[in-house]
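Chain identifiers are assigned alphabetically (A, B, ...) following the order of the sequence lines, protein sequences preceding nucleic acid strands; residue numbering begins at 1 within each chain.
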2 protein chains.
Amino acid sequence: MFIYYRALLESRETEVISSEELSQLTGFSAAQIRKDLTYFGQFGTPGRGYTIKDLTHQLKGILGIDREWEVALVGMGNMGRALVAYEGLKNQGFNVTQLFDSDPKKIGMFCAGLKIKNIDNLKEEIRNSAARIAILAVPAGAAQSVTNLLLEAGIKAILNFAPTRIIVPDGVNVLNIDITNELTRLSYYLVQPDALKIADDNPAAGTESPEPIA
Amino acid sequence: MFIYYRALLESRETEVISSEELSQLTGFSAAQIRKDLTYFGQFGTPGRGYTIKDLTHQLKGILGIDREWEVALVGMGNMGRALVAYEGLKNQGFNVTQLFDSDPKKIGMFCAGLKIKNIDNLKEEIRNSAARIAILAVPAGAAQSVTNLLLEAGIKAILNFAPTRIIVPDGVNVLNIDITNELTRLSYYLVQPDALKIADDNPAAGTESPEPIA
DNA sequence: TAGATTGTTAATCGATTAACAATC
DNA sequence: TAGATTGTTAATCGATTAACAATC
């Protein structure tokens, strides 16, 4: 869905697009695309295709990016600071509104116009906000305990930059961004050129025999 | 493979581990694990299991992390600086040895003990090094042109932080880390709780009917 | 030897694609 | 109307799992 959405954004020259054209742009088969889309509704016109404007609008709704999301950011180390400074988030409707750290030297400081708050107050601060998404940019050792705080605060989605798995209950979503892991994956592809070339989100990539990607 | 490797690191209490135990730790089925492993060789002992020390060693070789990799980093913005400062990379054998930027104000400055070089010299500098992996941390607008330079320099694997797709020839591997994209995915899971809950690398996650993840 | 667990084949299951009636 | 392309079903294909002989 993300990929269809992105493809649509890049192809706003025509008014209408067919599943076949979307296939060319995304690498997914036309049948796959039609099937995926009809899971959410009937957005196309037989004999014509999909109106780009309409479908973009629909996809926004489906992806939940037809609104603004408040985001809390925990951990103001190098990564945390890089993230607050990143304009791209706000542009896409992800609005970092709260910063937390445990370091007394950092608490009270301002970063990108936001005051860094004491992590001890995380629960009530987040409870009093609309944030349901959090970015976790703390050291691995602190990841689980901070996660527990976030869960208590009612956070339902976590983007985890800590290089460790965190445990959350059902109904809470975690996505991990682990740079070392990604580099290891690249290393793997370099030394095992025969292993499936990167699935990532490029479906055009290798298929064939069941070579392990895990 | 990454996941098996990580699981092994976390389970060094016993000397031997069975595919069944690995299954518990990773969420993959025992049969799947045995199959994946035998793709690379016969590492187990019937009736006993896998010797953790041996298998760890084997996996290191398979993943290509039984060596040091030199890594070039292009783009010394917020993200680039956060990445050089990150100790985790070196600890895992990924050694950032070269920094590049195009900003005259940054060129010549030192960052984490490394001199920032002029991107105009990227090709020869990298050619004269052992780097085959590059991290791309430049703005979206510059991503493709810098990629082209990297390709000319002989880079074979790119970790791309720019929020845009880059085009590379066959045989070159790209992994994208797109934060906005990940947040969009979280947003999607929040508004579509019925859609497949995160595959990421947690195979325990939902299965059932073919709901679109794309 | 009896018990356990691998490596691997055969059976199952699910996802992808081909194809086409419906329809603009 | 003829041409095009959707939505959807049926057929294909591939991946996952169950099961077991081999073996420690």
Side-chain angles (χ1 to χ4, degrees), chain A residues 1 3-4 7-8 11 14-55 58-59 62 194-197 199 201-214, chain B residues 1 3-4 7-8 11 14-55 58-59 62 194-197 199 201-214:
Chain A
M1 289 290 149
I3 298 158
Y4 304 155
L8 283 181
S11 65
T14 55
E15 198 185 325
V16 163
I17 196 167
S18 68
S19 57
E20 189 51 54
E21 289 167 307
L22 263 174
S23 168
Q24 303 258 302
L25 289 170
T26 61
F28 290 94
S29 75
Q32 184 73 265
I33 291 170
R34 292 201 298 277
K35 203 161 203 213
D36 280 356
L37 291 177
T38 48
Y39 175 80
F40 292 102
Q42 307 202 157
F43 307 131
T45 311
R48 193 150 181 277
Y50 301 89
T51 307
I52 293 183
K53 191 152 167 286
D54 283 3
L55 187 55
Q58 292 287 351
L59 283 179
I62 290 166
D194 291 338
L196 271 199
K197 280 284 176 302
D201 26 18
N202 168 21
T207 330
E208 296 175 24
S209 42
E211 292 157 61
I213 343 173
Chain B
M1 290 292 152
I3 298 160
Y4 305 156
L8 284 180
S11 66
T14 55
E15 199 184 324
V16 162
I17 196 167
S18 67
S19 57
E20 188 52 53
E21 290 168 305
L22 263 175
S23 168
Q24 303 259 302
L25 289 169
T26 60
F28 289 95
S29 76
Q32 183 74 263
I33 291 169
R34 293 201 298 277
K35 203 158 203 216
D36 279 357
L37 291 177
T38 47
Y39 175 79
F40 292 103
Q42 306 200 157
F43 307 132
T45 312
R48 193 148 180 278
Y50 301 89
T51 307
I52 292 182
K53 193 154 164 288
D54 284 3
L55 187 55
Q58 293 287 353
L59 283 178
I62 290 166
D194 291 338
L196 270 199
K197 279 287 176 301
D201 27 18
N202 167 22
T207 329
E208 298 175 23
S209 40
E211 292 158 62
I213 342 174

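For B:A31, the side-chain atoms get nearest to D:dA18 when compared with the rest of D:dG7, C:dT16, D:dA18.
At whole-Å resolution of the value, CG in B:D36 and P in D:dT17 are 11 Å apart. In this structure, B:R34 atom CZ and D:dT16 atom C1' are separated by 12 Å, rounded to whole Å. When the P atom of D:dA15 is taken as reference, atom OH of B:Y39 falls 12 Å away, rounded to whole Å. B:E20 places its CD atom 15 Å from the P atom of C:dG7, with the value rounded to the nearest Å. When rounded to the nearest whole Å, the span between CG of A:L55 and P of D:dT6 equals 11 Å. For the pair A:F40 CZ and D:dG7 P, the computed distance is 14 Å after rounding to whole Å. In this structure, CZ of A:F28 is placed 13 Å from C1' of C:dA15, rounded to the nearest angstrom. Rounding to whole angstrom units, CD1 of residue A:I33 and P of D:dT5 are separated by 14 Å.
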Produce the list of close N/O pairs, under 3.5 Å, pairing protein atoms with atoms of nucleotides 9-11 of chain D; give distances to one decimal.
none

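The side-chain heavy atoms of B:L25 and B:E21, taken from C-beta on, include no pair separated by under 4.5 Å. Put simply, the side chain of A:I33 does not reach to within 4.5 Å of the side chain of A:D36, judged on heavy atoms. Residues A:L37 and A:Y50 are in side-chain contact: their nearest non-hydrogen atoms beyond the backbone lie under 4.5 Å apart.
In this structure, B:L55 CG and B:Y4 OH are separated by 10.5 Å, a value rounded to the nearest 0.5 Å. With values rounded to the nearest 0.5 angstrom, B:K35 atom NZ is found 14.0 Å from B:S19 atom OG. Distance CZ/A:R48 to CD/A:E15: 6.0 Å, rounded to 0.5 Å. Taking CD from A:Q58 and CG from A:L8, the interatomic distance works out to 11.5 Å, rounded to the nearest 0.5 Å. Here the straight-line distance linking atom CD of B:Q42 with atom CZ of B:R34 works out to 12.5 Å at 0.5 Å rounding.
Among B:L22, B:I17, B:V16, the single residue meeting the side-chain contact (heavy atoms from CB on, under 4.5 Å) criterion with B:I52 is B:I17.
Of all the residues in residues 41-50 of chain A, A:T45, A:P46, A:G47 reach under 4.0 Å from DNA chain C with at least one non-hydrogen atom.
With a 3.5 Å ceiling on both atom-pair distances, the Watson-Crick or G-U wobble partner of D:dA15 is C:dT12. Judged by Watson-Crick or G-U wobble contacts below 3.5 Å, the nucleotide C:dC20 has D:dG7 as its partner.
Using a 4.0 Å cut-off, no side-chain N or O of B:S19 falls inside it from OP1 or OP2 of C:dT5. Remark: B:S29 is in phosphate contact with D:dT17, judged by side-chain N or O atoms under 4.0 Å from OP1 or OP2.
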